[in-house]
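Quick notes on the structure that follows.
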Amino acid sequence: MQFDDVILGRRSIRGYKPDPVPRALIEEIITLAMRAPSSMNTQPWNFYVVTGEPLDRIRAGNTERMVAGIPQSREFRTGQAFTGQHRDRQVGVAKQLFSAMGIARDDKEMRQDWVLRGFRQFDAPVCIIVTYDRVLDGSDDTPFDCGAVATALVNAAWSRGLGAVINSQGIMQSPVVREHAGIADDQVIMKSIALGWPDETFPANAVVSERKSVEEATVFVGFDG
């Protein structure tokens, strides 16, 4: 693919084929992703790539604890709930997804099932857990850098025919994730990325989330006209 094809064509994938993803291909994708810029070349990121039985245990533990009402224990700060235009965009993409999946507004069972898919990493065959070095905890640059490498990773995956979605639901219960992924104590769990071969028959995979315009997002200073 050309660069523009990747950027304009990529979309979040929430339905996957069960086919395994070769380790060599994942290593190739991570190698590309780690060309992402980082502050002063600190490269604060690390990756725990989980599949098979360990991933199944994470799915089960994460889901069971959330259904049981155990409070989420994300390690990276969660911030405040979205409001205003940011909340509007959050609701907007949810409406797109529910419409694609045929989930009615009053269908509590189907809505709950959709939420649980997130806690199960969307049943993807691979989960990549992005962590950063604990010694950098509190740095404003570190989450920015981890965002850059996560973006580079999902784009690299797309260029190789794989789908991905960056999410937080899959790491809501951090004790479960730490135990079964063997995450070192010197790491802070930041995000997870579901990864696998897209199931083109899964309706939500056709959803392309809306983007605001350049005019809305950009202020040009010092240009003529």
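Starting from 1, each residue takes its place in the sequence as its number.
The distance from the CG atom of Leu25 to the CG atom of Leu162 is 5.0 Å, given to the nearest 0.5 Å. Once rounded to the nearest 0.5 Å, the distance linking OG of Ser174 with CD of Glu179 reads 11.5 Å. In this structure, Asp145 CG and Thr42 OG1 are separated by 4.5 Å, a value rounded to the nearest 0.5 Å. To the nearest 0.5 angstrom, Gln121 atom CD is 3.5 Å from Cys127 atom SG. Rounded to the nearest 0.5 Å, atoms OG1 (Thr63) and CD (Gln169) are 11.0 Å apart. For the atom pair Met101 CE and Gln96 CD, the distance stands at 14.0 Å (nearest 0.5 Å).
Listed by chain and residue number, Glu53, His180 satisfy the side chain to side chain donor-acceptor pair (under 3.5 Å) test with Arg57 (two or more places apart in sequence, or in another chain).
Panel note: side chain Arg160, backbone Asn155; no donor-acceptor pair is recorded below 3.5 Å. Between the side chain of Thr131 and the backbone N or O of Ile189 there is no donor-acceptor pair closer than 3.5 Å. Remark: the backbone N or O of Lys95 is not paired with any side-chain donor or acceptor of Ser99 at under 3.5 angstrom. With hydrogens and angles ignored, the 3.5 Å screen pairs a side-chain donor or acceptor of Thr51 with a backbone N or O of Pro125. Side-chain atoms of Asp186 never come within 3.5 Å of backbone atoms of Arg134 as a donor-acceptor pair (strictly under, hydrogens ignored). Between the side chain of Arg111 and the backbone N or O of Ile103, no donor-acceptor pair lies under 3.5 Å. Counting only distance, with no hydrogens or angles, the side chain of Arg65 and the backbone of Gln173 share no donor-acceptor pair below 3.5 Å. Between the side chain of Asp141 and the backbone N or O of Phe144 there is no donor-acceptor pair closer than 3.5 Å. At least one donor-acceptor pair under 3.5 Å links the side chain of Gln72 to the backbone N or O of Arg74. Looking at Ser159, its side chain never comes within 3.5 Å of a backbone N or O of Met1 through a donor-acceptor pair.
Side-chain contact between Ser38 and Pro44 is present, with at least one heavy-atom pair separated by less than 4.5 Å. Here the side chains of Trp45 and Met190 are not in contact, with every heavy-atom distance at 4.5 Å or above. The side-chain heavy atoms of Ile29 and Ile128, taken from C-beta on, include no pair separated by under 4.5 Å. Residues Phe202 and Arg14 have side chains in contact (heavy-atom distance under 4.5 Å, counting atoms from C-beta outward). At least one side-chain heavy atom of Val177 sits less than 4.5 Å from a side-chain heavy atom of Ile183. Contact of the Trp197 side chain with the Tyr16 side chain is not registered, since no non-hydrogen atoms from C-beta on lie closer than 4.5 Å. No side-chain heavy atom of Ile129 sits under 4.5 Å from any side-chain heavy atom of Phe47.
The aromatic rings of His86 and Phe82 are tilted relative to each other, their planes meeting at an angle between 30° and 60°.
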Tyr132 and Asp137: side chain to side chain donor-acceptor pair (under 3.5 Å), yes or no, with the steps? CA-CA 8 Å; Tyr132 62 85; Asp137 205 14; 2.7 Å; yes

Side chain to side chain donor-acceptor pair (under 3.5 Å) for Asn46 and Asp133? Distances and angles first, verdict last. CA-CA 8 Å; Asn46 285 294; Asp133 299 330; 3.0 Å; yes

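Around atom CZ of Arg23, no more than 12 heavy atoms belonging to other residues, nucleotides or ligands sit under 6.0 Å away. By the neighbour-count criterion of 12 heavy atoms within 6.0 Å, atom CD of Glu210 is sparsely surrounded, having that number or fewer from other residues, nucleotides or ligands. Surrounding CG of Asp88 are more than 12 heavy atoms belonging to other residues, nucleotides or ligands, all under 6.0 Å away.
In plain terms, the two heavy atoms of Ile70 and Met66 that are nearest each other are O-SD, 4.2 Å. For Ala194 against Asn167, the heavy-atom pair with the smallest separation is N-ND2, 3.8 Å.
Salt bridge Glu200/Arg11: present, at least one basic N to carboxylate O contact under 4.0 Å.
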